[in-house]
Amino acid sequence: MKLQGVELRRITMPLVAPFRTSFGTEHERDILLLRAVTDGAEGWGECVAMAEPLYSSEYVDAAADVLRRFLLPALARRQASARRPGGAGGLAATDVGQALAPVKGHRMAKAALEMAVLDAELRTLGRSFAGELGAVVHRVPSGVSVGIHDTVPALLDAVDGYLTEGYVRIKLKIEPGWDLEPVRAVRERFGDDVLLQVDANTAYTLGDARHLARLDPFDLLLIEQPLEEEDVLGHAELARRITTPVCLDESIVSAQTAAAAITLGACSIINIKPGRVGGYLEARRIHDLAVAHGVAVWCGGMLETGLGRAANAALAALPGFTLPGDISGSGRFYRTDITEPFVLDDGHIAVPAGPGLGVTPLPDLLDEFTTATEWVPL
Ligand SMILES: CC(=O)N[C@@H](Cc1ccc2ccccc2c1)C(=O)O
Ligand SMILES: [Mg+2]
């Protein structure tokens with residue numbers, strides 16, 4: 001396949017409601033999309049980086065810059081060298097990771113580029129993401145991530161709405177001062193059978209272990225990323241002092257770090273986010289590694305548009321994804337998605353079966369949300 005160039009397109013999408021976590025409150029999403037133009041089909045990639053480096057060190061302006069100045073030129077060099085005289089040559093999605101490896105970090109930017117190349121390649125071949133990744137089901141159970149609210153009654157109303165919509169698992173964002181009370185209130189109002197977990201987004205320290213152990217009686221599925229990203233040993237020590245299973249999100253940036261975290265006992269569950277780990281191919285490697293170690297995985301969310309949502313649904317259909325993920329319907333975050341919306345059906349999200357992502361942006365809606373576009377020839 002010959003990659004002719006990539007369009008960098010920025011869109012701004014308002015959220016249906018402010019989404020508050022331990023690291024801040026979001027009112028809209030500033031998203032970088034990539035459109036890879038090849039001699040075959042066009043492919044789409046979505047960069048999950050936020051507007052500010054609050055979830056991780058990446059942020060969307062930096063992703064656009066590193067793609068423009070370093071990642072796309074590296075891919076162009078790889079493609080030029082790959083074209084043997086008279087040989088098939090060209091670029092394959094499996095070449096992208098290696099071609100971009102000399103650039104340190106910037107995993108969300110790299111993931112978006114690999115996703116766009118993979119989508120173009122699969123559309124050309126008439127293969128779906130689900131088929132390529134190894135999906136074993138046609139629909140996946142969907143959980144929902146519930147932000148920090150101003151009051152417990154407001155939180156309970158939100159949870160009630162999501163349960164009524166059919167979400168099969170509730171995840172509550174927590175932080176010091178908003179943890180025991182909301183969890184207790186949800187348990188008292190909705191009972192012990194609701195699948196319930198919490199996500200701290202690194203808001204605690206090992207000194208909070210005794211406090212976090214007070215969550216143990218609530219029979220949570222897991223506590224996600226209680227400590228800071230690099231505190232792998234702290235998570236291992238915390239896991240010895242609480243009974244709630246520890247799940248890592250921000251800490252798991254590759255198969256290598258996943259192996260280390262599992263070996264050190266830092267987590268017994270992993271939230272896999274393809275953008276955070278550098279792409280869907282690395283995400284599958286982490287899935288395979290976790291399955292080999294008996295570690296359950298689930299697919300996390302970064303408030304993706306229908307493009308990322310489609311790819312995440314395909315990934316979540318792999319056999320090791322045994323816990324409901326944060327895929328959610330498009331309507332959880334957006335009144336209008338740039339693709340046909342993903343809708344919760346009996347608590348599940350359908351896995352797209354068409355070539356590539358199986359969805360494409362609706363041109364009118366894409367233009368409505370577009371704030372900038374830039375063509376980068378290879
Ligand atoms: C669904 C969920 O909770 N996602 C992240 C946190 C998060 C929260 C807010 C975000 C806002 C803009 C972009 C990414 C974001 C990610 C998590 O699991 O930790
Ligand atoms: Mg998380």
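Residues: numbered from 1 along the sequence shown. Just follow the structure's listing: the first ligand is 1, and inside any ligand the first atom is 1. These numbers come from a predicted model, not from an experiment.
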Under 4.0 Å from any heavy atom of Arg29, which atoms of ligand 1 are there?
-> 12 (C), 13 (C)
When you measure from the centre of the six-membered ring of Trp298, is the NZ or CZ of Arg169 under 6.0 Å away and within 45° of the axis?
-> yes
Could you please spell out the steps behind the salt bridge (Lys or Arg N to Asp or Glu O under 4.0 Å) verdict for Asp326 and Lys171?
-> CA-CA 8 Å; Asp326 279 347; Lys171 158 170 146 178; 2.6 Å; yes
Is Tyr55 close to ligand 1, meaning an N/O of one under 3.5 Å from an N/O of the other?
-> no
Gln4 atom CD: more than 12 heavy-atom contacts under 6.0 Å = yes
For Leu172, the option from Val159, Ile148, Asp199 that meets side-chain contact (heavy atoms from CB on, under 4.5 Å) | Val159
Please write down residue, atom name and distance for the protein heavy atom closest to atom 19 (O) of ligand 1.
-> Asn201 ND2, 2.7 Å
All heavy atoms of Thr164 vs all of Asp160, minimum pair found to be OG1-O, 2.7 Å
Numbered in order shown, the ligand 1 atoms found under 4.0 Å of a heavy atom of Glu224 are 18 (O)
A student checking ligand 1 against Asp199 at a 4.0 Å heavy-atom cut-off should list atoms 17 (C), 18 (O), 19 (O)
How far is atom 4 (N) of ligand 1 from its nearest protein heavy atom, and which residue and atom name does that atom have?
-> Gly301 O, 2.8 Å
Name of whichever N/O/S atom of Asp249 is nearest to the Mg ion (ligand 2) = OD2
re atom 18 (O) of ligand 1, the protein heavy-atom contact at minimum distance is Lys171 NZ, 2.8 Å
Element-labelled atoms of ligand 1 that are located less than 4.0 Å from some non-hydrogen atom of Asp249 | 17 (C), 18 (O), 19 (O)
What residue and heavy atom of the protein are closest to atom 15 (C) of ligand 1, and at what distance?
-> Leu303 CD1, 3.8 Å
Flag if over 12 foreign heavy atoms under 6.0 Å of NE2, His293 | yes
Side chain, backbone, both or neither: which part of Glu26 has a heavy atom under 4.0 Å from ligand 1?
-> side chain
Strictly under 2.8 Å, is any N, O or S atom of Asp199 next to the Mg ion (ligand 2)?
-> yes
Are Arg332 and Phe19 in a cation-pi contact, defined as NZ or CZ under 6.0 Å from the six-membered ring centre and within 45° of the axis?
-> yes
Of all heavy-atom pairs linking Leu307 and Leu33, the shortest is CD1-CD2, 4.0 Å
Looking only at protein heavy atoms, what sits closest to atom 8 (C) of ligand 1 is Phe19 CE2, 3.4 Å
Evaluate the ring planes of Tyr204 and His211, with Trp represented by its six-membered ring, and classify them as parallel (under 30°), tilted (30 to 60°) or perpendicular (over 60°).
-> parallel
Picking from Asp367, Leu362, Thr370, Ile11, what satisfies side-chain contact (heavy atoms from CB on, under 4.5 Å) with Ile338?
-> Ile11
Ligand-residue contact atoms, ligand 1 with Ser145, heavy atoms, under 4.0 Å | 1 (C), 2 (C), 3 (O)
Enumerated ligand 1 atoms positioned under 4.0 Å from heavy atoms of Met50 | 12 (C), 13 (C), 14 (C)
Approximate separation, where rounding is to 0.5 Å, of Ile170 CD1 and Arg187 CZ | 10.5 Å
Mind running salt bridge (Lys or Arg N to Asp or Glu O under 4.0 Å) on Arg107 and Glu282 for me, showing each step along the way?
-> CA-CA 10 Å; Arg107 291 180 176 87; Glu282 185 73 359; over 6 Å; no
Glu224 N/O/S atom closer than 2.8 Å to the Mg ion (ligand 2) = yes
What is the ring orientation for Phe321 with His287, classed by angle as parallel under 30°, tilted 30 to 60°, or perpendicular over 60°?
-> parallel
Any idea which of Lys173, Arg332, Met302 brings a heavy atom closest to atom 6 (C) of ligand 1?
-> Lys173
For Thr21, the ligand 1 atoms whose distance to one of its heavy atoms is below 4.0 Å | 8 (C)
At a 4.0 Å cut-off, with the gap strictly under it, does some heavy atom of Gln225 reach an atom of ligand 1?
-> no
Does the N or O separation between Lys273 and ligand 1 drop below 3.5 Å for any pair?
-> yes
Who's the nearest protein heavy-atom neighbour of atom 7 (C) of ligand 1, and how far?
-> Phe23 CZ, 3.9 Å
